[in-house]
J.: 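Below you'll find the structure I mean.
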Amino acid sequence: MKLGIRILLGYFLIVGLAGVFIQRVFLAEVKPAVRQAMEDTLVDTANILAELAADDMKQNRIADGNFASRVREYAHRDINAKIWSFRKTTLDYRIYVTDLKGIVQFDSTGRAIGQDYSRRNDVYLTLRGNYGVRSTRDVDNDDSSTVMHVAAPIIDQGKMIGVLTVAKPNNTLQPAISQSERTILRWGALLLVLSLAVGLAVTLWISRSLGALQRYARAVTAGERAQPPARGASEIVELGRALESMRQRLEGKQYVEHYIHSLTHEMKSPLAAIRGAAELLDEDLPAAEQRRFAHNIRGQSQRLSELIEKMLALAAIEHRQALENIVAVNLGQLLADVIALLEPRLQQAKVTVQVANTAGLPQIRGELFLLRQALLNLLENAIDFSPPGSVITVQADTGVAGVVTLAVMDSGPGIPDYALERVFERFYSLPRPASNEKSTGLGLCFVQQVAQLHHGQITLRNRSTGGAEARLTLPFQAA
């Protein structure tokens with residue numbers, strides 16, 4: 001199971017359990033809270049009515065006095081009250097009065113007059129000076145038929161002369177209780193949905209950050225250019241930077257070791273040639289021989305100089321993970337500038353360059369210096385392998401959407417089959433037809449690095465009509 005899913009499930013489980021627990025607590029407290037409020041109201045009502053009934057009870061007129069008359073009139077009042085979101089249309093109080101023996105002297109419903117209520121808790125407790133209250137079912141085995149009774153003593157000159165009880169069915173408050181429960185359930189469900197949405201958003205955020213770090217690690221493992229994630233959870237961004245720093249140090253150490261080994265190997269041959277020529281110059285040689293050896297020394301020195309310069313240029317871009325000085329580059333103008341720079345060398349080699357389909361080339365976003373050096377290397381390579389009097393063709397192709405391809409084609413001997421897979425290796429070079437000398441073997445490697453930095457590619461193949469063709473493919477967008 002993926003980490004993101006685990007985080008989401010864990011978060012939702014915690015929030016879900018908390019939400020269910022809170023809902024159960026609220027639901028469990030709604031009904032008692034409402035009934036406590038009703039009991040409080042019944043206490044006030046019972047005591048007020050006990051005071052109002054005191055005169056009639058003292059005069060033994062509780063069954064037909066003013067109090068009884070007013071209570072009966074209360075039962076017939078027309079009521080239509082909207083209490084918050086539910087409507088009340090009935091008056092639900094039942095009022096009865098008992099004497100000191102617990103015998104019912106008055107009942108607003110008329111059904112219990114003369115009955116002995118002395119064992120009912122409301123009357124029993126009140127007669128003994130305690131708080132009298134009870135909740136009794138009107139219908140056996142039906143919890144919804146419970147009625148709450150609250151009693152208050154009828155006092156005359158500090159003596160108890162009777163008990164007045166106010167009763168109210170609990171189900172009269174059921175609409176309010178049910179509505180509160182529905183509200184709690186509705187908002188609880190909304191809370192769970194919102195919690196899930198927040199958990200999903202946080203999980204996606206963390207998963208995206210982890211995914212970026214994972215893709216970065218895979219790219220580094222595959223030897224690709226990659227940058228650590230710059231956005232997301234701060235800890236993951238910091239971890240990416242730490243990994244990048246570690247990678248740079250490790251690669252830097254390996255890079256130096258590899259380059260020292262390769263450079264040492266490549267410098268042996270020209271240094272040996274220079275040493276041998278210098279030793280021969282110490283002897284008494286004819287002037288023509290001296291000039292020939294001096295020319296060899298200059299040639300090998302130039303080769304060493306080019307080797308060092310190109311190695312430094314290649315080293316400068318091999319560790320770069322992204323372009324830096326990005327500008328809009330006009331490929332057609334850049335190609336014309338490069339050909340103009342190579343004009344003296346073209347004349348010396350007696351080679352011409354023919355440009356095709358380069359008018360109206362799209363602009364690309366990239367580093368002008370790197371692209372210029374890449375085109376210079378490709379054209380210099382083509383010049384070195386082109387016979388005198390031949391034509392180098394540079395052709396552009398934008399047939400693939402979002403991609404421009406520059407093909408550099410020469411008429412030289414082509415690439416031997418054994419070398420096709422190695423031409424982009426560092427220091428790998430083939431002898432030039434004119435001089436039979438090798439180059440530094442870094443030019444095509446440099447071009448490959450430039451292409452990769454620009455998210456493009458470079459390929460080299462033999463043409464069916466003879467010669468070689470280098471294809472530099474670069475993505476473009478409108479500048």
J.: State, with a plain yes or no, whether a side-chain heavy atom of Y93 is found less than 4.5 Å away from one of L49.
T.: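 Not in contact.
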J.: Count the heavy atoms belonging to other residues, nucleotides or ligands that lie under 6.0 Å from CD of E421, then report whether that count exceeds 12.
T.: no
J.: Measure the CG-OG1 distance between L100 and T126 for me, rounded to the nearest 0.5 Å.
T.: 11.5 Å
J.: Carefully, step by step, assess T98 and I103 under the rule side chain to side chain contact (heavy atoms under 4.5 Å, CB included).
T.: CA-CA 5 Å; T98 65; I103 305 301; 5.9 Å; no
J.: Atom CD of E51 and atom CG of D156: how far apart are they, to the nearest 0.5 Å?
T.: 10.0 Å
J.: What is the distance from atom CD1 of I83 to atom CG of L173, rounded to the nearest 0.5 Å?
T.: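 That separation rounds to 9.0 Å.
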J.: Does NZ or CZ of R70 come closer than 6.0 Å to the centre of the six-membered ring of Y74, within 45° of the ring's axis?
T.: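 Judged by the rule (NZ or CZ under 6.0 Å from the ring centre, within 45° of its axis), R70 is not positioned above Y74.
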J.: What do the steps show when you test R94 against D107 for salt bridge (Lys or Arg N to Asp or Glu O under 4.0 Å), and what is the final call?
T.: CA-CA 8 Å; R94 176 193 175 193; D107 186 354; 2.8 Å; yes
J.: Taking everything shown except D40 itself, do over 12 heavy atoms lie less than 6.0 Å from its CG?
T.: yes
J.: Output all residues satisfying salt bridge (Lys or Arg N to Asp or Glu O under 4.0 Å) with R35, sequence neighbours left out; order by chain, then residue number.
T.: none
J.: Please walk me through it: do L331 and Q363 pass side chain to side chain contact (heavy atoms under 4.5 Å, CB included)?
T.: CA-CA 6 Å; L331 280 179; Q363 291 184 335; over 6 Å; no
J.: Could you state the interatomic distance from CE (M57) to CG (L164), rounded to the nearest 0.5 Å?
T.: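 Interatomic distance, M57 CE to L164 CG, rounded to 0.5 Å: 9.5 Å.
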J.: Taking atom CZ as the centre, does F369 end up with more than 12 heavy-atom neighbours from other residues, nucleotides or ligands that are less than 6.0 angstrom away?
T.: no
J.: Is N170 close to M38 at the side-chain level, that is, under 4.5 Å between some pair of heavy atoms?
T.: yes
J.: N80 versus T89: any side-chain heavy-atom pair under 4.5 Å?
T.: yes
J.: I want to check something: taking the side chain as every heavy atom from C-beta on, are I364 and L371 in contact at a cut-off of under 4.5 Å?
T.: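 Yes; the side chains approach each other to less than 4.5 Å.
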J.: Answer with yes or no whether the side chains of D337 and Q333 bring together a donor and an acceptor at under 3.5 Å.
T.: yes
J.: Hey, does K58 have a side-chain heavy atom less than 4.5 Å from the side chain of I161?
T.: yes
J.: Regarding K101 and D116, does a basic nitrogen lie under 4.0 Å from an acidic carboxylate oxygen?
T.: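 Salt bridge: no.
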J.: Would you indicate whether the side-chain heavy atoms of E469 and Q395 approach each other to under 4.5 Å?
T.: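 In short, these two side chains do not touch, never coming nearer than 4.5 Å.
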J.: Rounded to the nearest 0.5 Å, what separates atom CG in L453 from atom CG in L474?
T.: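 Reported value, rounded in 0.5 Å steps: 11.5 Å.
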J.: Side-chain contact test, heavy atoms from C-beta onward, threshold under 4.5 Å: evaluate it for L375 versus L472 and give yes or no.
T.: yes
J.: Keeping to residues at least two apart or across chains, list the ring-ring contact (aromatic ring centres under 6.0 Å, His included) pairs with something in residues 101-121.
T.: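 ring-ring contact (aromatic ring centres under 6.0 Å, His included) check on residues 101-121 returns Y96-Y117.
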J.: Could you grab the distance from atom CG of D56 to atom CD of Q105, nearest 0.5 Å is fine?
T.: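 Reported value, rounded in 0.5 Å steps: 12.5 Å.
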J.: Pair V133, V150 - check side chain to side chain contact (heavy atoms under 4.5 Å, CB included), show working.
T.: CA-CA 5 Å; V133 62; V150 175; 3.9 Å; yes
J.: Would you indicate whether the side-chain heavy atoms of L379 and V394 approach each other to under 4.5 Å?
T.: yes
